[in-house]
Amino acid sequence: PPPVYLQYRCILEYQAKKGYFPGGDEEFDDSILPAYLEAQQVALPEDTLAALAKAGMAQVAPVCAVLGGILGNEIIKVISGKGEPANNSLLFDGRACKAWSFLIQPKKA
């Protein structure tokens, strides 16, 4: 998966532990994500965690427009049968203006 996928998983982990997404009115609890990253055996730069806390789940109109365009294109591919649709996941990094299509498989026991 792309590097931004780890950031996305951090946001979901934060929401699962605290019950709300980072970036809202509540104070950011910076003790949750380092423990999660250590359990996953990965690291993120400190400025990345700060940016996640600041932006949280913000919706930026241009990013929404880009994702809507990508989604519309994928629907046309499926209906027309021309071109290969994205795998089962599409992740867009609004800061880098890049999109990745990749397959997420369930963990094997």
Side-chain angles (χ1 to χ4, degrees):
V4 75
Y5 180 69
L6 178 60
Q7 297 171 15
Y8 173 68
R9 293 295 308 158
C10 285
I11 289 174
L12 293 179
E13 179 69 15
Y14 188 90
Q15 192 275 335
K17 297 281 186 193
K18 296 297 280 184
Y20 56 86
F21 288 104
D25 295 332
E26 287 83 5
E27 184 75 21
F28 179 69
D29 183 358
D30 58 356
S31 66
I32 292 175
L33 296 183
Y36 172 73
L37 293 171
E38 186 177 320
Q40 298 296 315
Q41 300 176 344
V42 293
L44 280 177
E46 194 65 37
D47 61 335
T48 301
L49 293 177
L52 281 174
K54 187 175 182 179
M57 297 301 293
Q59 293 184 9
V60 182
V63 173
C64 294
V66 168
L67 282 177
I70 292 172
L71 180 61
N73 192 30
E74 295 302 313
I75 291 171
I76 290 171
K77 284 186 206 176
V78 169
I79 292 172
S80 68
K82 295 183 180 182
E84 185 176 333
N87 251 331
N88 71 356
S89 299
L90 180 76
L91 190 60
F92 180 75
D93 182 355
R95 289 187 295 171
C97 293
K98 292 173 102 176
W100 292 271
S101 172
F102 58 99
L103 181 63
I104 298 179
Q105 297 178 340
K107 289 184 179 179
K108 295 179 181 174

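These numbers were taken from a predicted model, which means no experiment stands behind them. Residue numbers count from 1 along this sequence.
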**Item:** Non-neighbouring partners of A35 that pass side-chain contact (heavy atoms from CB on, under 4.5 Å), sequence neighbours left out
**Value:** none
**side-chain contact (heavy atoms from CB on, under 4.5 Å) against L71, all qualifying residues, sequence neighbours excluded** = I75
**Message:** Could you work out, with salt bridge (Lys or Arg N to Asp or Glu O under 4.0 Å) as the rule, every residue matching K98, not counting sequence neighbours?
**Reply:** none
**Prompt:** So which heavy atom on L33 is nearest to which on C10, and how close?
**Reply:** CD2-O, 3.3 Å
**Qualifying side-chain hydrogen bond (donor to acceptor under 3.5 Å, both in side chains) pairs, either residue in residues 74-83, two or more places apart** = E74-K77
**Request:** Locate the shortest heavy-atom distance separating Y14 from Y20; write the atom from each residue and the value.
**Result:** CD2-O, 3.6 Å
**Asked** Can you name the residues that form a side-chain contact (heavy atoms from CB on, under 4.5 Å) with E13, not counting sequence neighbours?
**Response** K17, Y36
**Request:** Identify, with sequence neighbours excluded, every residue that meets side-chain contact (heavy atoms from CB on, under 4.5 Å) alongside V42.
**Result:** L6, L37, Q40
